[in-house]
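To start, the structure under review is shown below, and the notes come after it.
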Amino acid sequence: MAEIGPASRPVLVLDFGAQYVQLIARRVRERHAFARIVRHDITADRVRELNPLALILSGGPRSVYEPGAPRCDPEIFSLGVPILGICYGLQLAADALGARVQANPARGEYGRTDFRVREDDPIFHDVPRETIVWMSHGDQIHDAGSDFIPIAETPHCPIAAVRHRSRPIYGLQFHPEVSHTPYGSLILGNFLDRICGNPRDWTMGAFIERSVAEVRDRVGPDDRVVCGLSGGVDSAVCAALLAKALGPRVVCVFVDTGLLRQNERAAVVDAFGRHSDAELRVVDAEETFLKALAGVTDPQEKRRRIGHAFIDVFREAARTIDGARFLAQGTLYPDVIESGGEPDGPTATIKIHHNVGGLPAELGFELVEPLRDLFKDEVRRLGLELGLPDSLIWRHPFPGPGLAVRCLGEVTADRLEILRQADAIFLEELQNAGLNRQVAQAFAVLLPVQAVGVQGDARTYESVIAIRAVETEDFMTADWSRLPHELLARVSTRITNAVKGVNRVVYDITSKPPGTIEWE
Ligand code: XMP
């Protein structure tokens, strides 16, 4: 067996239904501690087994005095493991240990609030005595009881933070994880470093070392790993990590569906050649996909057919790879959590997975998912650490069904070509304007309508291109980008001049909701 270094001791974030639970975990990881999200009723015995550095009790929508409100195993408070309660988590710890929680007489505090530190404490090291925090609570501690010392206050919340007299237990009524609490990250860091003795061993360097050892341990010398490349950041980082561990025993498969953006295939092949010594097989499948899509206009039917065609093409390609026993997937931690796939994690929450291009279990491979512990921002940092270029790391997401869902109406080679050219012009102008990072996703859409125009002295009747640019953190909600008018004007002029068959360009000013990011 290969030597696998010790894993970081986790910080367990108990999920009481907080909107921000993943954000808490991300903030902890930014302080180089390995946060894992676990179910709120994890038993004290299991906690002992996992030997965590700390427990964080998340916020949640309920009141601790309500019947049926989620509670934790009360024994966790006696384990001697440092605990930080946030909002509901604070109220729960307080309620369990003799303090009294009740509704705020002023009907709660929501948003930015003035905050004053009352007691010097390591958790407030380097935090100004007066600052701002972000609050979102209807309940609060009314009476701290004999075991808790109030250490901070806000105008409407006299007990806005507490420390236990004899145990390493802290509670914060405000949300340190959100960016609206300017010293929130420092407060979390102080808790980890000064209260828990954080060894700060969650780093991408350590992660690479451990993952490489684990993959080498699992994949035998005669086995090969098939890795589907999509052109996106997750699959590229996944492939690069595996290639570091296994070199040419990784075989990457890139399916050219004919639904890719301009120069996308060349860019993938080029970046791959430069940064990997794994093998790359490009499958030319444009004809298969166009045939499958002929005459189809319904968006879900397009997705279904593309999904099936993709599996067929991929299966065929994988069949020709000798010794292929494993299939690599770039599954990320949020997918694992949200699908209920973590042994100690919360049960599945409802999330709409588009998941086109996903591969079914029937392909008969064992799965390798080296990114399943990582958040997206960590995948990006990992990619940079592995030497992948910036242009790849900061790529906008591109949907699995590709241009098919941006070519409204029937998908034909001619219509795809119009869309591809318009899209390339828009993306190039955005790049030139230096707005690529600010915008989360940008693209052109070919509408299924014709518009009247005039070019030279002639009347035209041609296609309409819509351009869309959105700003978002999580793609669940989004706002349309306020792009400069000059930029929009340049894009419109260039597209109508250069793309044959287009005489009109419109800019989509719809946020999500009520719109979605894609048009189909
Ligand atoms: P919507 O349009 O639902 O998009 O607001 C949210 C994010 O998901 C992407 N998207 C897809 N990704 N297969 C994918 O892999 C799909 O069928 C699909 N549809 C939308 C979209 O590009 C955006 O990033």
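Since this is a predicted model, take the numbers as computed values, not measurements. Position 1 is the first residue of the sequence, and the numbers go up from there. In each ligand, atom 1 is the first atom listed, and ligand 1 is the first ligand listed.
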Subject >> Option set Arg468, Glu520, Glu518, criterion heavy-atom distance to atom 21 (C) of ligand 1, minimum >> reply: Glu518

Subject >> Residue selection (non-hydrogen contact nearest atom 17 (O) of ligand 1) among Met476, Gln300, Arg303 >> reply: Arg303

Short N or O distance, [X] and ligand 1, threshold 3.5 Å exclusive:
X: Pro399; answer: no
X: Phe398; answer: no
X: Lys512; answer: yes

Original post:
Counting from 1, what ligand 1 atoms have a heavy atom of Thr516 closer than 4.0 Å?
Top reply: 1 (P), 2 (O), 5 (O)

**OP:** Would you mind listing which atoms of ligand 1 come within a distance below 4.0 Å of any non-hydrogen atom of Pro401?
**Re:**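 Close to Pro401: 13 (N), 16 (C), 17 (O).
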
Original post:
Could Arg437 and Trp394 be counted as a cation-pi pair, given that NZ or CZ must be under 6.0 Å from the ring centre and within 45° of the axis?
Top reply: yes

**OP:** Among Lys302, Arg406, Arg303, find the one that has a salt bridge (Lys or Arg N to Asp or Glu O under 4.0 Å) with Glu518.
**Re:**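 For Glu518, the salt bridge (Lys or Arg N to Asp or Glu O under 4.0 Å) test succeeds with only one of Lys302, Arg406, Arg303, which is Arg406.
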
Original post:
Are the ring centres of Trp134 and Phe174 closer than 6.0 Å?
Top reply: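 Ring centres of Phe174 and Trp134 not closer than 6.0 Å.
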
**OP:** May I ask you to check whether Phe365 and Phe326 place their ring centres under 6.0 Å from each other?
**Re:**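 Centroid distance Phe326-Phe365: not below 6.0 Å, so no.
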
Original post:
For the residue pair Glu385 and Ile208, what are the closest heavy atoms and their distance?
Top reply: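 Here Glu385 and Ile208 meet closest at CG-CD1, 3.5 Å.
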
Would you give me the side-chain donor-acceptor pairs under 3.5 Å for residues 439-449, sequence neighbours excluded?
| from | atom 1 | to | atom 2 | distance (Å) |
| --- | --- | --- | --- | --- |
| Gln441 | NE2 | Pro397 | O | 3.0 |

